[in-house]
Amino acid sequence: MISVVIISKDEASLDDTLTAVTAQAKALEESAEIVVVDASDGRLDYIRLRHQAQVRWMQFDQPPGVTVSIPHQRNAGVRAAEGEIIVFTDAGCQPEPEWLAQLVRPLLQDEHVATGMALSPPGSTGESMADRMTVQGTLANRYIKECSTITLAFRRGVFDTVGGFDEGFAYGSDTDFIWRITDVGYRIRGVPDAITRHDAGSLRRQLRRSYVYGKARVRLYRKHRARLRHVLREDITVVAYPAFLLGLPLTLISPFYLALLLIPAWRNRSDGAVGVLKNLTFGAGVLAELAAS
């Protein structure tokens, strides 16, 4: 049994995701189920009714005091799933043909974890740098060090070994889950043919996401302190942009300090100013979390 778990909260785009995923699940040679963990308090019932013959729908009630229930919903979905292989995707994702079959194929052989490529829709802007890094990393490496849960498959034993998602995180629980998987020795097989499309949303939404991801990164390194030894080599953004923001008073002495931004702007020139702005917002999130601690 293969269980596709989709979490949702008020995303009307879940309708299109379910249409695509149910078709691919039906085409598999193996038996499959789709489990939706919905925190919309009934506001998506019209979608539930449309897909009720093919989807098992779980109404999720957020715990008191919890505003971001991503890890809670993922844990609930895996616990309710009947499959030995668990597949994650998100509401709003649009899988390309054969996404599901390609993603689970390594697990039907001898792999334990596999990830596909989550790319922007054709013609979309604002995520081109992230898309290039995803494509280059997946094509160049048989195994991936870090990935998103937007397109992720794993055996249930992997989930049980690491204890599921840490519900102490608001944002960042996905990365924490991946880090713990690799820390205990599992390898993440990259599957370049398993492609799903995901719209990053408006610039405002992208900037807000960058800010909360910056805050989450600090919390991640507090939990995974051993990874700080490699931060300058593997995660320079979490150091460089906060340091630049701290140095902004230097513009009073030399306005040329701002010219330092021309280096990343040139390297990421296909993203225009958006890529640099998102990184600065990420850096602001890092500083905000450090100041709050």
Side-chain angles (χ1 to χ4, degrees), residues 1-9 11 14-15 17-40 44-45 47-63 66 68-93 95 99-116 118 147-167 169 173-178 180-181 184 186 188-189 191 194 196 198:
M1 169 75 77
I2 293 166
S3 297
V4 182
V5 176
I6 304 174
I7 67 171
S8 175
K9 183 179 181 181
E11 291 98 347
L14 172 64
D15 195 3
T17 301
L18 288 177
T19 299
V21 173
T22 52
Q24 294 198 19
K26 189 181 298 184
L28 289 175
E29 295 181 2
E30 298 75 23
S31 59
E33 65 169 354
I34 299 171
V35 179
V36 170
V37 185
D38 174 47
S40 68
L44 296 183
D45 276 355
I47 298 178
R48 175 179 61 81
L49 293 172
R50 189 173 299 160
H51 297 275
Q52 62 182 350
Q54 299 169 301
V55 174
R56 184 147 59 93
W57 197 279
M58 294 179 56
Q59 181 61 48
F60 179 82
D61 297 321
Q62 292 188 195
V66 173
V68 180
S69 57
I70 294 171
H72 307 72
Q73 288 176 258
R74 294 205 189 281
N75 284 336
V78 175
R79 286 194 295 265
E82 297 178 358
E84 168 60 23
I85 292 176
I86 309 295
V87 176
F88 279 144
T89 191
D90 285 354
C93 289
W99 162 77
L100 183 55
Q102 294 288 348
L103 184 60
V104 301
R105 182 167 294 152
L107 276 71
L108 295 171
Q109 299 168 0
D110 58 355
E111 301 288 357
H112 288 79
V113 189
T115 184
C147 66
S148 166
T149 48
I150 285 180
T151 172
L152 181 71
F154 52 88
R155 296 188 187 183
R156 181 178 291 276
V158 174
F159 182 90
D160 294 339
T161 297
V162 300
F165 288 81
D166 186 341
E167 296 179 359
F169 282 92
S173 63
D174 294 358
T175 300
D176 171 66
F177 180 69
I178 295 300
R180 284 186 287 126
I181 283 176
V184 297
Y186 290 114
I188 304 171
R189 175 69 180 272
V191 187
T196 191
H198 186 259

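One is the number of the first residue; the rest follow in order along the sequence.
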Please enumerate all residues that pass salt bridge (Lys or Arg N to Asp or Glu O under 4.0 Å) together with Arg105, with sequence neighbours excluded.
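None.
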
Where do [X] and [Y] come nearest, in terms of heavy atoms and distance?
{"X": "Val5", "Y": "Ala81", "answer": "CG2-CB, 4.3 Å"}
{"X": "Pro95", "Y": "Val21", "answer": "CG-CG2, 4.1 Å"}
{"X": "Ala114", "Y": "Val191", "answer": "CB-CG2, 4.0 Å"}
{"X": "Ser8", "Y": "Leu44", "answer": "OG-CD1, 3.5 Å"}
{"X": "Ala80", "Y": "Arg56", "answer": "O-NH2, 3.0 Å"}
{"X": "Cys93", "Y": "Thr17", "answer": "O-OG1, 2.8 Å"}

Reported [atom1]-to-[atom2] distance for the pair [X] and [Y], which is rounded to 0.5 angstrom:
{"X": "Ile7", "Y": "Met58", "atom1": "CD1", "atom2": "CE", "value": "12.0 Å"}
{"X": "Glu84", "Y": "Glu30", "atom1": "CD", "atom2": "CD", "value": "13.0 Å"}
{"X": "Thr19", "Y": "Gln54", "atom1": "OG1", "atom2": "CD", "value": "8.5 Å"}
{"X": "Gln102", "Y": "Thr151", "atom1": "CD", "atom2": "OG1", "value": "11.0 Å"}
{"X": "Ile6", "Y": "Asp38", "atom1": "CD1", "atom2": "CG", "value": "11.5 Å"}
{"X": "Arg155", "Y": "Leu108", "atom1": "CZ", "atom2": "CG", "value": "8.5 Å"}

Side-chain heavy-atom pair [X], [Y] within 4.5 angstrom cut-off:
{"X": "Ile178", "Y": "Asp174", "value": "no"}
{"X": "Phe88", "Y": "Val78", "value": "yes"}
{"X": "Ile47", "Y": "Trp57", "value": "yes"}
{"X": "Ile188", "Y": "Tyr186", "value": "no"}
{"X": "Ser173", "Y": "Asp166", "value": "no"}
{"X": "Thr89", "Y": "Leu100", "value": "no"}

Could you tell me whether a side-chain N or O of Gln24 sits under 3.5 Å from a main-chain N or O of Trp99, the two making a donor and an acceptor?
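Looks like yes, one N/O pair under 3.5 Å.
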
For the CD atom on Glu29, are there more than 12 heavy atoms of other groups (residues, nucleotides or ligands in this structure) within a distance under 6.0 Å?
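Open: at most 12 neighbouring heavy atoms sit under 6.0 Å from CD of Glu29.
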
Residues which pass ring-ring contact (aromatic ring centres under 6.0 Å, His included) with His51, listed by chain and number, not counting sequence neighbours
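His51 satisfies ring-ring contact (aromatic ring centres under 6.0 Å, His included) with no residue once adjacent residues are dropped.
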
Any chance the side chains of Lys9 and Gln73 put a donor and an acceptor closer than 3.5 Å?
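Gln73 and Lys9 do not have a side-chain donor-acceptor pair below 3.5 Å.
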
For Phe154 together with Phe177, are the ring centres under 6.0 Å from each other?
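They qualify: ring centres under 6.0 Å apart.
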
Determine, step by step, whether Arg74 and Asp90 satisfy the salt bridge (Lys or Arg N to Asp or Glu O under 4.0 Å) criterion, reporting the C-alpha distance in whole Å, the side-chain angles of both residues, the deciding distance to 0.1 Å, and the verdict.
CA-CA 10 Å; Arg74 294 205 189 281; Asp90 285 354; 3.2 Å; yes

Evaluate side chain to side chain contact (heavy atoms under 4.5 Å, CB included) for Met1 paired with Glu33, printing each intermediate quantity in order.
CA-CA 7 Å; Met1 169 75 77; Glu33 65 169 354; 4.0 Å; yes

Check each of Ile181, Ile86, Asn75 against Phe159 using the side chain to side chain contact (heavy atoms under 4.5 Å, CB included) test, and report the only one that passes.
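Running side chain to side chain contact (heavy atoms under 4.5 Å, CB included) over Ile181, Ile86, Asn75 with Phe159 returns exactly one hit, Asn75.
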
